[in-house]
Amino acid sequence: MAEILTPDICVIGGGSGGLSVTAAAAAFGVSCVLIESHKMGGDCLNTGCVPSKALLAAAKRAALARSALPFGVTAQTEVDFAKVHGHVQRVIASIAPNDSVERFTGLGVRVIKGRAKFVDRHRVVVGDNHEIRARRFVIATGSSAGVPPIPGIDSGPYLTNETIFKLTERPRHLVVIGAGPIGLEMAQGFRRLGSEVTVLEALAPLAKDDPEAAAIVLAQLEREGVVVCSGVKVARVRHSPGSVTVTYAAEDGEETVEGSHVLVAAGRKATVDGLDLEAAGIRYNRSGIGVNKKLRTSNRRVYAIGDCAAGQLQFTHAANYHAGLVIRNALFRLPVRVNNDVIPWVTYTDPELAQAGLTEAEARKRKMKIRILRWPYHDNDRAQTERETHGHIKVITTKKGKIVGATIVGAQAGELIATWILAIAQGLNIRALTGVVLPYPTMSEIGKRAAIDFFTPSLTRPWVRRIIAFMRIFG
Ligand SMILES: Cc1cc2nc3c(=O)[nH]c(=O)nc-3n(C[C@H](O)[C@H](O)[C@H](O)COP(=O)(O)OP(=O)(O)OC[C@H]3O[C@@H](n4cnc5c(N)ncnc54)[C@H](O)[C@@H]3O)c2cc1C
């Protein structure tokens with residue numbers, strides 16, 4: 001006989017989104033059941049953000065050592081890949097307690113390990129032992145690597161984000177299918193750790209990003225020896241012992257690349273298998289579970305958040321943002337409306353590429369009348385001292401100066417973007433950025449310089465010209 005539980009909220013999936021909902025519900029003293037079928041922490045902790053950034057950190061150390069000579073420093077670089085693997089696993093282990101069953105049980109949450117499945121519109125079961133009849137359900141089951149139907153791909157081993165961080169030996173030659181953020185981060189990381197790397201992309205690399213900024217990332221990858229083939233369609237994969245041959249259709253006919261490993265990083269597939277969504281009257285399709293602006297599914301009792309929700313951005317901070325909306329709506333009955341424009345993103349290549357608000361292309365698509373403001377890293381004194389001169393900031397404002405978007409490509413872009421996220425969220429005018437005093441020499445001055453550019457076209461009167469010149473000199 002199954003145990004019957006009747007909490008206020010039942011969360012399915014203990015990853016970024018599910019844990020945020022659960023922690024908030026527990027903090028408000030709301031009874032909550034959390035069901036997790038695999039590892040607490042989900043993709044982000046175990047097979048996504050955390051291991052990828054830990055691997056990139058190791059790769060960066062190697063790259064810094066190799067590029068020390070112009071600073072007058074000679075460093076010898078040797079990569080022990082098994083130790084890199086150890087570092088990545090230790091970082092996961094150091095964060096894991098925050099996401100653990102013990103922590104959430106301590107917060108008063110009932111955590112059930114097992115696979116959740118709907119039996120009707122009101123009930124979820126976990127195996128034969130638990131039946132949950134909750135006032136609200138939140139599906140946060142995440143996503144997995146979408147594997148394109150390439151002939152031969154599954155006739156041998158291929159890597160995804162679930163397996164690549166388990167490697168204890170460095171791949172001789174990694175062939176990456178897909179040049180999105182995951183594919184390119186891994187490409188640069190493995191290249192810096194000593195692998196040969198070839199990336200095959202059917203469309204344009206980093207297609208969602210500003211093309212000028214993406215070009216700067218690609219140029220750096222190419223300088224480091226990553227081979228990126230864009231606009232090529234993978235035709236077939238042939239596995240043989242210790243190697244894999246990938247054939248792709250290029251402009252001049254078919255070409256092949258022979259590698260030791262192939263990584264599939266060609267988009268994500270929402271996890272809905274086994275949930276029996278039909279039983280609960282929840283609509284879904286290939287891109288995920290259908291949700292409205294409140295993140296409610298076609299069953300009013302049930303929300304879907306994070307990577308499994310159709311049409312949403314797939315990031316940890318997006319899943320956290322969704323969690324906040326659901327808590328407000330489900331617990332406090334406050335009106336909410338998901339807004340993808342407020343969700344920034346960063347690709348953690350070196351240089352980093354960070355986006356807040358609208359890209360130039362998106363603003364133009366919306367037929368907005370805009371101004372574009374720029375400043376290059378090479379005109380920043382701190383960038384010069386660090387020899388980090390590749391990159392720029394590009395700010396998009398309305399004609400009156402309201403900030404609607406910012407793209408930064410360059411060193412520390414992921415940190416520098418925070419100012420612009422705040423500015424956009426607060427509806428600030430570019431004027432606000434010209435007046436602040438920033439410490440010298442810092443890379444954050446790049447943003448202020450771009451802001452000052454807003455006033456350049458009105459340089460008709462000599463006194464305006466003098467003020468701009470003064471601001472340029474004394475900041
Ligand atoms: C290589 C890589 C790098 C990434 N880097 C970043 C980054 O730097 N920054 C960033 O913001 N995002 C990054 N992401 C994306 C980020 O990991 C995801 O957007 C985020 O994890 C989504 O959270 P989620 O809660 O929707 O799903 P998940 O974190 O995947 O959690 C879903 C959980 O649900 C469980 N589950 C599934 N089905 C069931 C079921 N039927 N019953 C019970 N439990 C179930 C799963 O086991 C899993 O634990 C990266 C992703 C990858 C793959």
Side-chain angles (χ1 to χ4, degrees), residues 10-23 33-57 88 96 99-101 111-118 124-127 130 132 137-146 159-165 176 178 180-187 189-190 263-277 280 288-289 291 295 303-310 312-323 326 343-349 352-355 414:
C10 172
V11 178
I12 304 172
S16 308
L19 292 182
S20 300
V21 172
T22 307
V33 167
L34 170 68
I35 308 167
E36 169 54 53
S37 61
H38 188 41
K39 287 186 180 173
M40 292 285 282
D43 250 6
C44 183
L45 174 63
N46 301 294
T47 53
C49 331
V50 172
S52 62
K53 267 78 255 181
L55 185 125
L56 290 180
V88 171
D99 295 356
S100 63
V101 173
V111 182
I112 299 174
K113 291 304 294 283
R115 185 156 278 281
K117 179 177 114 172
F118 284 90
V124 158
V125 294
V126 184
H130 306 279
I132 299 100
F137 291 91
V138 181
I139 308 175
T141 48
S143 65
S144 60
L159 296 166
T160 67
N161 66 298
E162 277 169 40
T163 46
I164 195 159
F165 303 111
V176 182
I182 296 173
L184 290 189
E185 285 180 9
M186 289 302 96
F190 277 85
L263 166 68
V264 179
R268 309 284 302 165
K269 180 170 152 271
T271 306
V272 293
D273 290 350
L275 281 169
D276 218 343
L277 295 175
I289 300 173
V291 288
L295 297 166
Y303 295 83
I305 65 169
D307 281 16
C308 69
Q312 306 303 316
L313 292 167
Q314 293 181 314
F315 301 108
T316 281
H317 48 279
N320 295 340
Y321 164 66
H322 293 169
V326 165
I343 298 174
W345 67 85
V346 178
T347 299
Y348 296 89
T349 44
E352 292 180 350
L353 199 173
Q355 179 64 42

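Side chains are part of it too, since the values below use all heavy atoms of this structure and drop only hydrogens, waters and symmetry mates. Start at 1 and go down the list; that is how both ligands and their atoms are numbered.
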Check: Does P51 have a non-hydrogen atom less than 4.0 Å from ligand 1?
Finding: no

Margin query: Does ligand 1 come near enough to D307 that some N or O of the ligand is less than 3.5 Å from an N or O of the residue?
Written below: yes

Margin query: So, regarding E185 and ligand 1 (criterion: nitrogen or oxygen to nitrogen or oxygen, under 3.5 Å), is there a contact or not?
Written below: no

Note to self: Under 4.0 Å from a heavy atom of G42: which atoms of ligand 1 are those, numbered in the order shown and with their elements?
What the structure shows: 29 (O), 31 (O), 48 (C), 49 (O)

Notebook entry, point to check: With a cut-off of 4.0 Å, which atoms of ligand 1 are near a heavy atom of C49?
Noted result: 3 (C), 4 (C), 5 (N), 6 (C), 7 (C), 8 (O), 9 (N), 10 (C), 12 (N), 13 (C), 14 (N), 16 (C), 17 (O), 50 (C)

Item checked: Any N or O of H317 closer than 3.5 Å to N or O of ligand 1 -> yes

Margin query: Does ligand 1 come near enough to F165 that some N or O of the ligand is less than 3.5 Å from an N or O of the residue?
Written below: no

Margin query: Looking only at protein heavy atoms, which one is nearest to atom 2 (C) of ligand 1, and what is the separation?
Written below: G48 CA, 3.4 Å

Check: Among E36, H38, M186, whose heavy atom sits nearest atom 49 (O) of ligand 1?
Finding: E36

Margin query: I'd like to know whether NE2 of H38 has more than 12 heavy-atom contacts from other residues, nucleotides or ligands below 6.0 angstrom.
Written below: no

Notebook entry, point to check: Which heavy atom of the protein is the closest neighbour of atom 36 (N) of ligand 1, given with residue, atom name and distance?
Noted result: S37 OG, 3.6 Å

Notebook entry, point to check: Should we count NZ of K113 as having more than 12 external heavy atoms under 6.0 Å?
Noted result: yes

Next item on the list: Considering the heavy atoms of G306, write down every atom of ligand 1 situated less than 4.0 Å from one of them.
Entry: 26 (O)

Next item on the list: Find all atoms of ligand 1 within a distance of less than 4.0 Å from any non-hydrogen atom belonging to R268, and give their numbers and elements.
Entry: 53 (C)

Margin query: Going by the closest heavy atom to atom 37 (C) of ligand 1, which one wins out of V50, T141, D273?
Written below: T141

Notebook entry, point to check: Out of curiosity, D99 CG to K39 NZ, how far, rounded to the nearest 0.5 Å?
Noted result: 12.5 Å

Margin query: Can you check which of G142, G15, S16 brings a heavy atom nearest to atom 23 (O) of ligand 1?
Written below: S16

Next item on the list: Determine, using heavy atoms of S52 and all atoms of ligand 1, whether some pair is separated by less than 4.0 Å.
Entry: yes

Notebook entry, point to check: Counting heavy atoms only, which of A323, G13, A140 comes nearest to atom 32 (C) of ligand 1?
Noted result: A140

Note to self: So for ligand 1, is G17 a polar contact partner (N or O within less than 3.5 Å, distance only)?
What the structure shows: yes

